[in-house]
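Heads up: the structure comes next, in structure tokens.
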Amino acid sequence: MSPPSTILVTGGAGFIGSHACVELLDHGYELIVVDDYSSSTPQAFARVERIAGRFAGAVYELDVRDRPALSAVFDRHPVDAVLHFAAYKAAGPSTRRPVEYYDTNVGGTTALLRTMHEHGVHQLVFSSTAALYGDAGHGPLDEATPARPVNPYAASKWICEHILADVCRRCPEYTVLCLRCFNPAGAHPSGLLGEDPRGTPGNLLPYVAQVAVGRRERLPVFGADYPTRDGTGIRDYLHIMDTVEAHRIALDHLADEPGLHVYNLGAGRGSSVLDVVAAFSAACGRPVPYEVVPRRPGDVPELVADASAVARAWGWRPTRDLTDICRDAWHFQRLNPHGYTDSARRPNTKR
Ligand SMILES: NC(=O)c1ccc[n+]([C@@H]2O[C@H](COP(=O)([O-])OP(=O)(O)OC[C@H]3O[C@@H](n4cnc5c(N)ncnc54)[C@H](O)[C@@H]3O)[C@@H](O)[C@H]2O)c1
Ligand SMILES: O=c1ccn([C@@H]2O[C@H](COP(=O)(O)OP(=O)(O)O[C@H]3O[C@H](CO)[C@H](O)[C@H](O)[C@H]3O)[C@@H](O)[C@H]2O)c(=O)[nH]1
């Protein structure tokens with residue numbers, strides 16, 4: 001079977017999705033993109049096109065749970081494979097809005113699978129998460145680590161993996177790669193594309209970047225009493241360009257790996273919240289103010305990848321580190337203090 005060349009990207013306006021679009025356009029893929037902009041803005045596509053130097057492809061505003069609308073997209077375009085990013089991703093809010101998370105993440109995935117099947121498309125790269133390992137303890141976690149999700153977000157992704165495994169067991173025509181992403185962060189080195197969440201950032205890096213640029217006063221550090229070396233949460237931050245390179249390489253391996261395969265995507269290095277604050281302060285040339293506040297519900301002390309399986313399978317390893325992540329995230333935030341929407345209009349008054 002030849003590798004896929006026309007890719008449907010769900011959630012293509014989001015952080016990972018938009019960088020994935022650049023990566024795929026740079027490598028000659030044709031794209032069909034769908035997004036409902038529930039946590040992003042279509043402005044991302046103008047940036048994608050500026051970087052790639054070509055039309056991003058057909059872009060549709062739709063909710064992936066809307067099967068008739070999704071079906072019409074598959075009717076119109078010959079899709080070879082799907083990169084499925086569309087989901088809600090925040091651990092904390094998922095503890096307060098569990099039904100919304102299950103509906104969007106699980107319902108969105110089953111709606112997509114049904115529509116793909118009806119159109120004879122059976123190749124999928126699914127964006128899963130390290131969060132499903134839950135509180136698995138210290139040290140690098142490999143793919144055999146039992147899943148113990150501690151919040152509805154992680155549980156929703158674990159349920160999706162179950163569904164995908166069952167479908168692949170029963171239906172030999174499917175090829176599914178579940179990529180358990182640890183913590184993608186940073187920005188495209190051009191400074192044009194980055195992490196531009198709507199409202200208050202849930203993730204650490206965009207929050208730190210907004211503090212550094214003067215949009216927010218100080219970073220709330222969610223707990224300094226974890227059983228970690230400095231008491232703050234430890235995560236495995238993976239540069240966004242490494243993250244999307246791995247997704248692009250996954251497409252090459254859809255053709256030769258039938259059935260379901262699960263890989264961790266991480267750098268294999270743990271950084272605490274205070275490590276990130278220090279690295280970002282070095283990148284922007286001044287200290288990033290912070291204050292310790294109570295733990296965030298749904299958080300775990302530590303998540304670090306054993307990413308050796310993907311290295312063995314594909315010969316792929318990340319090439320960037322936390323210093324690169326902070327440099328590129330700061331470059332983006334400095335050039336776009338208010339994100340994509342209004343960076344040209346609003347001056348950075350606080351700095
Ligand atoms: N960012 C991380 O730290 C991280 C880590 C591991 C896994 N992931 C997974 O990667 C994927 C992308 O994450 P991200 O960081 O780019 O998040 P993001 O919020 O920036 O992007 C998600 C995109 O999906 C869209 N979307 C949400 N629900 C939709 C729906 N029902 N129909 C159509 N579009 C919808 C949003 O508008 C957004 O553009 C998610 O599935 C997430 O669970 C993210
Ligand atoms: O304002 C903040 C934001 C985060 N943190 C801390 O920073 C660390 C990283 O938090 P993020 O919210 O950036 O990342 P999470 O690990 O909670 O979750 C992210 O990575 C996961 C995989 O590890 C999931 O896939 C999820 O979608 C994605 O949001 C945690 O210790 C968190 O408590 C803070 O101290 N202050």
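In this text the structure is predicted, and so the values were computed from the model without any measurement. Indexing begins at 1, ligand by ligand and atom by atom, following the structure's order. When a residue number appears, it is its place in the shown sequence, counting from 1.
- Here's the thing with F85: one of its N/O atoms is less than 3.5 angstrom from an N/O atom of ligand 1.
- When only modelled atom types and interatomic distance are considered, N151 and T95 share no side-chain donor-acceptor pair under 3.5 Å.
- Close contacts between ligand 1 and K157 involve ligand atoms 40 (C), 41 (O), 42 (C), 43 (O) [criterion: under 4.0 Å to a heavy atom].
- Checked by distance only, ligand 1 and S38 come closer than 3.5 Å through their nitrogen or oxygen atoms.
- L177 and A250 make their closest contact through CD1-O, 3.3 Å (heavy atoms, listed as atom of the first residue, atom of the second, distance).
- Close approach of ligand 1 to L62 (heavy-atom distance below 4.0 Å) involves ligand atoms 32 (N), 33 (C).
- Ligand 1 lies out of reach of H84, whose nearest heavy atom is not under 4.0 Å from it.
- Near F182, meaning under 4.0 Å from any of its heavy atoms, are these atoms of ligand 1: 5 (C), 6 (C).
- Annotation: cation-pi geometry not satisfied between R148 and Y133 (NZ/CZ under 6.0 angstrom from ring centroid, within 45° of ring axis).
- Look at D35 and you'll find a heavy atom under 4.0 Å from some atom of ligand 1.
- Residues that satisfy the salt bridge (charged side-chain N to carboxylate O under 4.0 Å, His left out) test with E173, not counting sequence neighbours, are absent from this structure.
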Put together the list of close N/O pairs, under 3.5 Å, between ligand 2 and the protein, could you?
| from | atom 1 | to | atom 2 | distance (Å) |
| --- | --- | --- | --- | --- |
| ligand 2 | 10 (O) | R296 | NH2 | 3.4 |
| ligand 2 | 12 (O) | G202 | O | 3.3 |
| ligand 2 | 12 (O) | N203 | ND2 | 3.2 |
| ligand 2 | 12 (O) | R296 | NH1 | 3.4 |
| ligand 2 | 12 (O) | R296 | NH2 | 2.8 |
| ligand 2 | 13 (O) | N203 | ND2 | 3.2 |
| ligand 2 | 13 (O) | L204 | N | 2.8 |
| ligand 2 | 14 (O) | N183 | ND2 | 3.1 |
| ligand 2 | 16 (O) | N183 | ND2 | 3.0 |
| ligand 2 | 16 (O) | R235 | NE | 2.7 |
| ligand 2 | 17 (O) | R296 | NH2 | 2.9 |
| ligand 2 | 20 (O) | N183 | ND2 | 3.2 |
| ligand 2 | 23 (O) | N183 | OD1 | 2.7 |
| ligand 2 | 25 (O) | T129 | OG1 | 2.5 |
| ligand 2 | 25 (O) | Y153 | OH | 2.9 |
| ligand 2 | 27 (O) | K89 | O | 2.7 |
| ligand 2 | 27 (O) | Y153 | OH | 2.9 |
| ligand 2 | 29 (O) | K89 | O | 3.2 |
| ligand 2 | 29 (O) | N203 | ND2 | 2.7 |
| ligand 2 | 33 (O) | D299 | OD2 | 2.5 |
| ligand 2 | 35 (O) | P220 | O | 3.4 |
| ligand 2 | 35 (O) | F222 | N | 2.9 |
| ligand 2 | 36 (N) | P220 | O | 2.7 |

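- Centroid-to-centroid, the aromatic rings of Y340 and F332 come within less than 6.0 Å.
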**Request:** Test D225 against R295 for salt bridge (charged side-chain N to carboxylate O under 4.0 Å, His left out), laying out the working first.
**Result:** CA-CA 8 Å; D225 56 350; R295 292 180 180 192; 3.0 Å; yes
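- Residue K89 has at least one heavy-atom neighbour below 4.0 Å for each of these atoms of ligand 1: 1 (N), 14 (P), 15 (O), 17 (O), 19 (O), 42 (C), 43 (O).
- Residues that satisfy the ring pair (Phe, Tyr, Trp, His ring centres under 6.0 Å) test with H77, not counting sequence neighbours, are Y60.
- For the pair R235 and F182, the cation-pi test (distance below 6.0 Å, angle within 45°) is failed.
- At a heavy-atom cutoff of 4.0 Å, ligand 1 is contacted by the backbone of S128 but not by its side chain.
- Under the 3.5 Å distance criterion, the side-chain polar atoms of D242 are matched with a main-chain donor or acceptor of T319.
- Taking distance alone, with nitrogen or oxygen atoms compared against 3.5 Å, S127 approaches ligand 1 more closely than that limit.
- Taking the six-membered ring where tryptophan is involved, the planes of H261 and Y263 are essentially parallel, since the angle between them stays under 30° and well short of 60°.
- Counting heavy-atom neighbours within 6.0 Å of R54 CZ, excluding the residue itself, gives a total above 12.
- In this structure, R114 places its CZ atom where only 12 or fewer heavy-atom neighbours from other residues, nucleotides or ligands lie under 6.0 Å away.
- Ranking the protein heavy atoms by distance from atom 13 (O) of ligand 1 puts I16 CD1, 3.8 Å first.
- Taking a 4.0 Å cut-off on heavy atoms, P184 registers as neighbouring ligand 1.
- Residue D63 places at least one N or O, backbone or side chain, under 3.5 Å from an N or O of ligand 1.
- Considering only heavy atoms from C-beta on, L24 comes within 4.5 Å of L251 through its side chain.
- Residue-ligand proximity, A13 to ligand 1, at heavy-atom distances under 4.0 Å covers atoms 39 (O).
- Looking from atom 26 (N) of ligand 1 to the surrounding protein, the closest heavy atom is D36 OD1, 3.4 Å.
- Taking 4.0 Å as the cut-off, T104 counts as a neighbour of ligand 1 on heavy-atom distance.
- Close approach of ligand 1 to Y37 (heavy-atom distance below 4.0 Å) involves ligand atoms 37 (O).
- For the pair V34 and ligand 1, the shortest N or O to N or O distance does not fall below 3.5 Å.
- Every residue meeting the ring pair (Phe, Tyr, Trp, His ring centres under 6.0 Å) condition with H247, not counting sequence neighbours, appears here in chain and number order: F85.
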